[in-house]
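To start, the structure itself, in structure tokens.
Computed over heavy atoms, backbone and side chain alike; hydrogens, waters and symmetry mates excluded. None of these values were measured; they are calculated from a predicted model.
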Amino acid sequence: MKLSLSILVPVYNLDCRQLVGDLSRQAEAVEGLSYEIIVADDASPDPSKVALCREVSALPHVRLIERTENVGRAAIRNFLAREARHEWLLFLDGGMSIPTERFLMGYVECDAPDVAYGGYIVGDGQPSCLRFVYEKQCEPMHRAEERRKRPFMHFHTCNFLVRRDVMLAHPFDERFRHYGYEDVFFGKQLRKAGITIQHPDNPVGFFDYEDNAQFVEKTEEGLRTLHLFRDDLRGYSQMLCFVDGIHTDMVCWSIRSWHRLFGTLERANLCGKHPNLTIFKLYKLGYYLTLKNQSDK
């Protein structure tokens, strides 16, 4: 039983009241649990969202920290780990939902010695929402039985439990300031250190999706991050594995040429009301190969 728990929630321009309220209610119901909930706002620019998050301070054992400078996804989690006071740390992204009444108990009873990643499930959505369509297609890979096949590659920051001493000894790499891949590199570092990641079936819910334009922008940002850290992430990214498997320059040239000619039209489709996943894959590949070509010159 893991009865010494710090629940850590980084937020950025999010209303975290429902998430933190559900966590507080479940924590209060666990007999013998010593816990705290720390919410860290990473300098959200939307004052209305900041005001909403301030309401969680009224809940028992909840502490809200408002940062004045945005430090990024890796650094904010390291900061939360240092602020925590309990033996076990449960990290949950501020935009997630708690789908079951036994979610917290699932981690209290978890027998993981070092790290556990519980996964996530995808809620309902509309076919006009690219993020929903994409996540729904990928959903089978998030099931516990699939994650266990490649435990270090199927790790995400949205919902994981870690011993505090492990986290402090192996923090997130703070070079990753922008969106994407800080979790992938964290998994790689844990593997190198001989630290196990267990994959219990204890998901959070992913029920709130950004609009298409925002998701495309995040995807582009993630691809720029991937290209910047390509040497560190080789072997841990499907995109890199695919690109490294292209041994004919003409193939790369053809994909880049397609992107140069049709990338704007592809992006318009992805940001519109009828996004197509095949176009999404082509757009990502063309975007990445264009970045690669520019850096190789």
With side chain to side chain contact (heavy atoms under 4.5 Å, CB included) as the test, would you mind laying out the steps for L59 and I37 before giving the verdict?
-> CA-CA 9 Å; L59 296 170; I37 301 176; over 6 Å; no
Counting only heavy atoms not in R150, do more than 12 fall under 6.0 Å of its CZ?
-> no
H227 vs S295 side-chain heavy atoms within contact, under 4.5 Å | yes
Group every Ile, Leu, Val, Met, Phe, Trp and Tyr by side-chain heavy-atom contacts under 4.5 Å, then state whether I246 and L282 land in the same group.
-> no
Just do the ring-ring contact (aromatic ring centres under 6.0 Å, His included) check on F215 and F280 with the steps written out, would you?
-> CA-CA 11 Å; F215 182 51; F280 186 50; 5.6 Å; yes
Should R256 and D249 count as an ion pair when the cut-off is N to O under 4.0 Å?
-> no
Check step by step if salt bridge (Lys or Arg N to Asp or Glu O under 4.0 Å) holds for E145 and R148.
-> CA-CA 5 Å; E145 59 269 23; R148 290 168 189 149; 5.3 Å; no
Could you tell me how the ring of F172 sits relative to the ring of F160: parallel (under 30°), tilted (30 to 60°) or perpendicular (over 60°)?
-> perpendicular
Using the six-membered ring wherever Trp is involved, compare the ring planes of F206 and Y209 and label them parallel, tilted or perpendicular (cut-offs 30° and 60°).
-> perpendicular
Carefully, step by step, assess F155 and R191 under the rule side chain to side chain contact (heavy atoms under 4.5 Å, CB included).
-> CA-CA 11 Å; F155 172 84; R191 185 177 189 175; over 6 Å; no
Connected via hydrophobic side-chain network under 4.5 Å: W88 and M105 | yes
Taken to the nearest 0.5 Å, the spacing of L90 CG from L161 CG works out to 6.0 Å
Presence of salt bridge, D114 and R163, under 4.0 angstrom = yes
Look at the side chain of Q26 and the backbone N and O of L104, then say whether any donor-acceptor pair between them is shorter than 3.5 Å.
-> yes
Would you check if the side chain of D211 reaches a backbone N or O of A213 as a donor-acceptor pair within less than 3.5 Å?
-> yes
Output yes when a side-chain donor or acceptor of T290 lies under 3.5 Å from a complementary backbone atom of G286, and no otherwise.
-> yes
Check whether any side-chain N or O of R164 sits under 3.5 Å from a backbone N or O of V162 as a donor-acceptor pair, and report yes or no.
-> no
Flag yes if more than 12 heavy atoms outside Q126 fall under 6.0 Å of its CD atom; otherwise flag no.
-> no
Do any N or O atoms from the side chain of N269 and from the backbone of H274 form a donor-acceptor pair under 3.5 angstrom?
-> yes
Within a strict 4.5 Å, meaning less than it, do heavy atoms of the C110 and N202 side chains meet?
-> no
Give a yes or no on whether the backbone of L52 and the side-chain of D15 come within a donor-acceptor separation of less than 3.5 Å.
-> no
Thinking salt bridges, do E146 and K149 make one under a 4.0 Å N-O criterion?
-> yes
If you look at every heavy atom in K136 and V122, which pair is closest and at what distance?
-> NZ-O, 3.4 Å
Please answer: with hydrophobic residues joined when any side-chain heavy atoms are less than 4.5 Å apart, are F262 and L270 in the same cluster?
-> no
How about Y287 and E220: do any of their side-chain heavy atoms sit closer than 4.5 Å?
-> yes
Are the side chain of E221 and the backbone of Y179 linked by a donor-acceptor contact shorter than 3.5 Å?
-> yes
Start with the C-alpha distance between I38 and R63, add both sets of side-chain angles, then the distance that settles side chain to side chain contact (heavy atoms under 4.5 Å, CB included), and finish with yes or no.
-> CA-CA 5 Å; I38 306 177; R63 177 159 60 109; 3.4 Å; yes
Heavy-atom pair of closest approach, residues C53 and L64 | O-CD2, 3.9 Å
Spell out, as yes or no, whether a donor-acceptor pair under 3.5 Å connects the side chain of N212 to the backbone of K273.
-> no
Please determine if E101 and R25 form a salt bridge, counting it only when a charged side-chain N lies under 4.0 Å from a carboxylate O.
-> yes
State the CD-CD distance between E210 and E217, to the nearest 0.5 angstrom.
-> 10.0 Å
Taking all atoms of both residues into account, what is the closest heavy-atom pair of C158 and Y120, and its distance?
-> SG-CD2, 3.7 Å
Quick one: salt bridge (Lys or Arg N to Asp or Glu O under 4.0 Å) partners of R234, sequence neighbours excluded?
-> D231, D244
Over all heavy atoms of both residues, which pair between P275 and C129 is shortest? Give the atoms and the distance, please.
-> CG-C, 4.4 Å
How many angstroms lie between CG in L233 and CE in M239, if you round to the nearest 0.5 Å?
-> 12.5 Å
ring-ring contact (aromatic ring centres under 6.0 Å, His included) with F176: which of F186, Y181, F185?
-> F185
Using modelled atom types only, decide if a donor and an acceptor are shared between the side chain of S4 and the backbone of H86 within a distance under 3.5 Å.
-> no
Which distance, rounded to the nearest 0.5 Å, do you find between the CH2 of W258 and the CD1 of I255?
-> 11.5 Å
Measure up the H259 and Y283 rings against each other and bin them: parallel (under 30°), tilted (30 to 60°), perpendicular (over 60°).
-> tilted
Shortest non-hydrogen contact from V115 to A112?
-> O-CB, 3.8 Å
Any side-chain heavy atom of M96 sitting closer than 4.5 Å to one from N159?
-> no
What one should report as the nearest heavy-atom pair of C16 and V56 is SG-CG1, 4.2 Å
Do the side chain of E55 and the main chain of R17 share a donor and acceptor less than 3.5 angstrom apart?
-> no
Would you say Y12 has more than 12 foreign heavy atoms packed within less than 6.0 Å of its OH?
-> yes
Reported CD-to-CG distance for the pair E174 and N78, which is rounded to 0.5 angstrom | 4.5 Å
Compute both the distance and the angle, then confirm whether R147 meets the cation-pi test with Y117: under 6.0 Å from the six-membered ring centre, within 45 degrees of the axis.
-> yes
